[in-house]
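Sequential numbering from 1 along the given sequence is applied to the chain's residues. Just so it is clear, the structure is predicted and the values come from calculations on it, not from any experiment.
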Amino acid sequence: MLLRHAGYPVENLDGVRFAELLTRYDELIAAWRAATAKALDLKESLRKHGIRAPTVSPGIGMLKPLNGPEVESALSGLPDGSDLAEYRRAVDRLDALLTACEKAHAEAMSASRSHLVRLFEDPWRQQTLLLSNTSVYADFQSWLPKAHRPHDAHARKMTDLLAMYLQRITTKNETNSHFGPFSIGRALPSATGLLWSLGEGVERTAFLSHWASSALAQGFEADCLRPRPCPMSFHDGNRVLLFAYEQRTGLPYPWHLGLTEAYHLDDEHLSLLALADGARTVAELRSIWTASRPAARFDYVLDRLAAKGLLHLGPEMPVGATSPMGLRELFVQHGADLAPVDRLDDLLVEFAGAEPDTRADILDEINEFFQRTTGEATVRDGGRHYADRAVLYEDAVSQVRDVLVGKEVHDFVTAELSDVYDALLLGSRVRMARERVLLREWLHSTFGDSVEVPLGRVYEQFIADRDEIGDLCDDVDNEVKAAQEHLVDELLSHWDGESPEVDVAPEILHGVLSRYPPGPAAVCNPDVMLGAPDASCFATGDFFGVIGDAHAVRDLLTHGPFTPFLADHAPGLVDEIMTGYRSIIDDDEVLVDIVRGHTSKISVQARLPLPDLEIVGRSMKERADVLHPRDLYLVAHGNQVDLRSNTVPGRIRLLASLSGAGTIRHDPLAIFSFPRTLGGGLLEDLDRAHLPRFRSGRVVLNRRRWRIRCDSVGAHLPRKWESGDAKLFLASRLLTEQHGLPQHVFAKFAHEPKPIYVDWSSPILVRQFFRQLRAAAPHDSFTLSEMLPGPEQLWLRINESHHTAEIRCAVFSRPPQS
């Protein structure tokens, strides 16, 4: 397992919290309401005595002070001036409190900005900008020496940026490098509690991003390249079909299967395409070609196949290899000069081990070397918050070492949470079970029983029948929706509509799940956040847990950025993972991994002792251990549908679907992997204005959550404010009062990929919330969810300071009937 924690303690936020400001603003709201009540009393008194004062009445509605001879004249008919006097006292108090609030807010904002500057004068905190927002780092560095001057527009811009980084590196766990380090640990059921030791400091490792490694390899000599056929090309005589999984939504997944092109090739093109197996070099292909064909035609045919997308001709950084080690292997394989790799290797090691005052210079040297060598820019998506895609990617092993999870937490993660995993997987399991039947019936009716249908033929007919298959999938969607709604309805039936928390007996959730078939087998990657006042509570069982995310995809311990570290610190990991996979498949099944690379970061996966199926990118394994989609065929027989290949024995079980989707609507092979879901809480997608916290014993099934329309947030106090931020802070107080919000929440907006932390007592964090709100469409909604575990429930202490943390692990589930 992994323990990932925020790189900086929540105490870093203390300097931007001002609880007394909440009290002041609450007094202002009370005074506003009191003045409004006195205004109504005064208007009623005027009506009662038949006094018409058209020049004064609007001022009463706007809570104006009502001073001056004209006012006295207009209201002279009031026999008793008490209502007017009380009104004036209420308005005077309102104006005094508003002035005091503005002053206190300005002081708090100034103190907050000064606190941010002091924090980010620390050279290591500055590295958050260097590594994740490189394009603003130079501007930040030039501004920092002048940061203590009066806060002008530039200072506001910079401190807004620092506030956004501070909330992230103190409250979230998925940031990389030292501002989101991780530890490698083990579960030991014979131990008690949750234990660890502290090392001297973090251990950083720098990698080249996958895209940067690929760019460096582009200068190889053509004759040493090893062309391979496009994985999604299929031959049928002299006819070649080229398919692709294409993005349709702008999101990474799901991809959508489409027919890109159909070619009719002559014998020359077909013969060279058959020879280019990814193992032979261009020089070797040329030698074979010239033995029976004119040498002059070779380059023409080779270039034509590459231009049509049927052949990958350029050098390829293998998916799964770490950089620069993988880059070194590639250079050796192509007989290229290793000097650039040696230099980069030295620079990356130097960067990871350097003190902060020299890291920017080393990064500049890396960037200059890269740009000089490749001619390409050194960042992608530059300037977007958290979104720079730099040449360099760094991660860090925490100073928290030797993490040992004892019986109490082990049993909680594997047993008490098991119904939660099953509930999260309910929809995807229902879908996979039903779509297995649909695909079998479609194959049977289209091609016949026990007919071995090549995958290319399946793809071609699938696209032709897409509308019909889509209609069938609509029916499955309804079944999935019904199953999920059944679960939701059961939970909601125990809520009175007002209580902040509902305790659901474990047998209720289990009872819902028992009504559905328990399979298919699944792999789940839960991020488990544990809440406890301190670590000693784990030995006594006085803790609770909530799942932050639970991705049902390939296991993320051997397929992710942590893999190189795990390989060094947990040498038995691959064997354990393989034991997990084999425990959930049938004896006659063979596992096949998928090569579908991440093009931005390091795209690492372990070399599992399995064949690879190439989809996007090149496998790092020997070509004999690599399957091509054209090697596959489907066969429907009896009540079963199989995915098979003539090159491996048994039915094939893919570790993941080719398209990244969990439905045959996008990918006919989706049913031959494991149920797929990417999600958080059980009720994450439920469109409700408010949901309580659902708890089952020590398991939090769902955090409290609110969905609010963007254009419903505001404050309409009829007064002119000197500061727009001060006025918005009033709006935040009204928002928290209206919805009963806790002090600590996360806000998620549609336009921002990451949730942001908000403490309603912090004027500068409230400002960031409203900046995001202004960027949203007025009729959109945003989501607020409680911070759970909250600041008082953060058990991980490093040097007496509290850090948010989560456990990441892989859970393998084979239900009895699957």
Restricting to non-hydrogen atoms, name the atom on [X] and the atom on [Y] that form the minimum distance, rounded to 0.1 Å.
X	Y	value
S142	P145	O-CD, 3.5 Å
L557	L573	O-CD2, 4.0 Å
V403	S183	CG2-CB, 3.8 Å
D395	S177	OD1-N, 3.4 Å
Q399	V202	N-CG1, 4.0 Å
A217	L330	CB-CD2, 3.7 Å

Measuring from atom [atom1] of [X] to atom [atom2] of [Y], what distance do you get when rounded to the nearest 0.5 angstrom?
X	Y	atom1	atom2	result
R771	L773	CZ	CG	12.5 Å
R328	L344	CZ	CG	10.0 Å
N133	M164	CG	CE	11.0 Å
L98	L730	CG	CG	8.0 Å

Please assess E203 against R401 for the test salt bridge (Lys or Arg N to Asp or Glu O under 4.0 Å), listing each intermediate value before the final yes or no.
-> CA-CA 11 Å; E203 295 178 0; R401 308 280 166 80; 3.8 Å; yes

Verify whether one side chain among [X] and [Y] offers a donor that lies under 3.5 Å from an acceptor in the other.
X	Y	value
D711	H779	yes
D139	H154	yes
H5	T804	no
Q772	H751	yes
D555	T558	yes
N799	S801	no
H802	E11	yes
R733	T736	yes

Side chain to side chain, T358 and F351, heavy atoms closer than 4.5 Å |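 T358 vs F351: side chains apart.
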
Heavy atoms, side chains only, cut-off 4.5 Å: are V391 and S209 in contact?
->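 Not touching, per the 4.5 Å side-chain cut-off.
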
Can E365 and R343 be said to form a salt bridge (Lys or Arg N to Asp or Glu O under 4.0 Å), step by step?
-> CA-CA 10 Å; E365 188 174 353; R343 182 59 186 144; 2.3 Å; yes

Side chain of [X], backbone of [Y]: donor and acceptor closer than 3.5 Å?
X	Y	value
T563	A606	no
D527	I547	no
W706	H739	yes
E102	S723	yes
R707	S781	no
Y25	A726	yes
N525	H551	yes

Ring centres under 6.0 angstrom apart ([X], [Y]):
X	Y	value
Y137	W143	no
F782	F769	yes
F770	F729	no

Could you tell me whether [X] atom [atom1] has more than 12 heavy atoms of other residues or ligands within 6.0 Å of it?
X	atom1	result
E200	CD	no
Q218	CD	yes
Q141	CD	yes
E20	CD	yes

Tell me whether the NZ or CZ atom of [X] lies within the 45° cone about the ring axis of [Y] and under 6.0 Å from its centre.
X	Y	value
R204	W124	yes
K754	F749	no
R4	F182	no

Go through the steps to decide whether F331 and F220 satisfy the test ring-ring contact (aromatic ring centres under 6.0 Å, His included), and finish with yes or no.
-> CA-CA 8 Å; F331 271 60; F220 290 150; 4.8 Å; yes

How are the rings of Y757 and H744 set to each other: parallel, tilted or perpendicular (split at 30° and 60°)?
->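 Because their plane-to-plane angle is under 30°, the rings of Y757 and H744 count as parallel.
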
Evaluate the ring planes of F120 and F140, with Trp represented by its six-membered ring, and classify them as parallel (under 30°), tilted (30 to 60°) or perpendicular (over 60°).
-> perpendicular

Please report the C-alpha distance between E752 and K748 in whole Å, then the side-chain angles of each, then the deciding distance to 0.1 Å, and finally whether the salt bridge (Lys or Arg N to Asp or Glu O under 4.0 Å) criterion is met.
-> CA-CA 7 Å; E752 172 62 45; K748 180 68 179 70; over 6 Å; no

Check the pair L116 / L166 against side-chain contact (heavy atoms from CB on, under 4.5 Å), numbers first and verdict last.
-> CA-CA 8 Å; L116 287 166; L166 182 64; 3.6 Å; yes

Tell me, with the steps shown, if L21 and H105 meet side-chain contact (heavy atoms from CB on, under 4.5 Å).
-> CA-CA 7 Å; L21 202 59; H105 186 277; 4.1 Å; yes

Test side-chain contact (heavy atoms from CB on, under 4.5 Å) applied to W211 and E376, step by step | CA-CA 11 Å; W211 71 269; E376 294 193 15; 4.1 Å; yes

Given the rule in the side-chain hydrogen bond (donor to acceptor under 3.5 Å, both in side chains) test, do S761 and D759 qualify, once you have shown the distances and angles that lead to the verdict?
-> CA-CA 5 Å; S761 73; D759 179 339; 2.8 Å; yes

Check R125, H115, Q167 against N12 for a side chain to side chain donor-acceptor pair (under 3.5 Å) and give me the one that passes.
->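 Checked R125, H115, Q167 against N12; only one passes side chain to side chain donor-acceptor pair (under 3.5 Å): R125.
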
E394 and R359: salt bridge (Lys or Arg N to Asp or Glu O under 4.0 Å), yes or no, with the steps?
-> CA-CA 12 Å; E394 185 180 64; R359 280 161 61 95; 2.8 Å; yes

Would T205 and F565 satisfy side-chain contact (heavy atoms from CB on, under 4.5 Å), going step by step from the backbone distance to the final call?
-> CA-CA 9 Å; T205 303; F565 301 93; 3.4 Å; yes

